[in-house]
Amino acid sequence: VGGIDSTGAAVTPANGGFTNTLASSEPGSNWGACVEAWAPSKNLVSTYGPLYSFNDADSTTWQDEATLYGQYGVLSGTSMAAPHIAAAAAYLSEHNTFANPGAVESAVRSYFIWYGATDASGRPVNIVQLP
């Protein structure tokens with residue numbers, strides 16, 4: 001899954017490639033042959049837990065029950081795009097009977113549309129458009 005912005009353009013790092021493994025310090029999107037579906041991923045409002053570091057040994061830093069209504073953050077990255085495609089798969093699975101995961105994948109792919117945009121490598125930016 002790759003990420004698009006509000007105009008439908010593929011999101012890529014300004015330097016054309018990732019130099020850091022932490023998406024939070026270099027927001028962008030995967031692109032190229034590894035990406036077949038695209039979804040919104042830039043500057044999305046999301047529920048957001050407290051602004052402190054998670055510590056497995058300290059339960060006060062666990063997010064469970066800590067995200068409150070009205071507590072939001074603006075996030076970017078493919079981690080924001082992937083749930084859109086997963087939701088399309090869930091929607092199609094709710095309305096159809098599939099024999100296996102490959103059938104779900106094929107169903108999602110059958111709803112890909114290309115509206116003319118390409119990524120940095122020239123590959124089509126396909127989005128899922130459900131009925």
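Partners of S121 by side-chain hydrogen bond (donor to acceptor under 3.5 Å, both in side chains), not counting sequence neighbours, listed by chain and number: D119. Scored by the side chain to side chain contact (heavy atoms under 4.5 Å, CB included) test, D5 finds T7, A9, V11, K42 as partners (sequence neighbours excluded). Applying the side-chain hydrogen bond (donor to acceptor under 3.5 Å, both in side chains) test to T97 and every residue at least two apart in sequence or in another chain returns nothing. Not a single side chain to side chain contact (heavy atoms under 4.5 Å, CB included) links A86 to another residue, sequence neighbours left out.
Counting Ile, Leu, Val, Met, Phe, Trp and Tyr side chains that sit under 4.5 Å apart, directly or through other members, F112 shares a hydrophobic cluster with V1, I85, Y91, L92, F98, V104, V108, Y111, V128, L130.
Distance alone, capped at 3.5 Å, places no donor-acceptor pair between the S106 side chain and the A103 backbone. Proximity of a side-chain donor or acceptor of S76 to a complementary backbone N or O of N43 within less than 3.5 Å is detected.
Atom CZ of residue R123 and atom CH2 of residue W114 lie 12.5 Å apart, to the nearest 0.5 angstrom.
Counting heavy atoms from C-beta outward, P40 and M80 have side chains that stay 4.5 Å or more apart. For the pair N126 and I113, the minimum side-chain heavy-atom distance is 4.5 Å or more.
The salt bridge (charged side-chain N to carboxylate O under 4.0 Å, His left out) contacts involving residues 90-105 comprise E105-R109, where partners must be two or more places apart or lie in separate chains.
Summarising the geometry of G2 relative to A81, their closest heavy-atom pair is O-CB, 3.6 Å, with the distance given to 0.1 Å. Taking each heavy atom of G8 and A117 in turn, the nearest pair found is O-CB, 4.0 Å.
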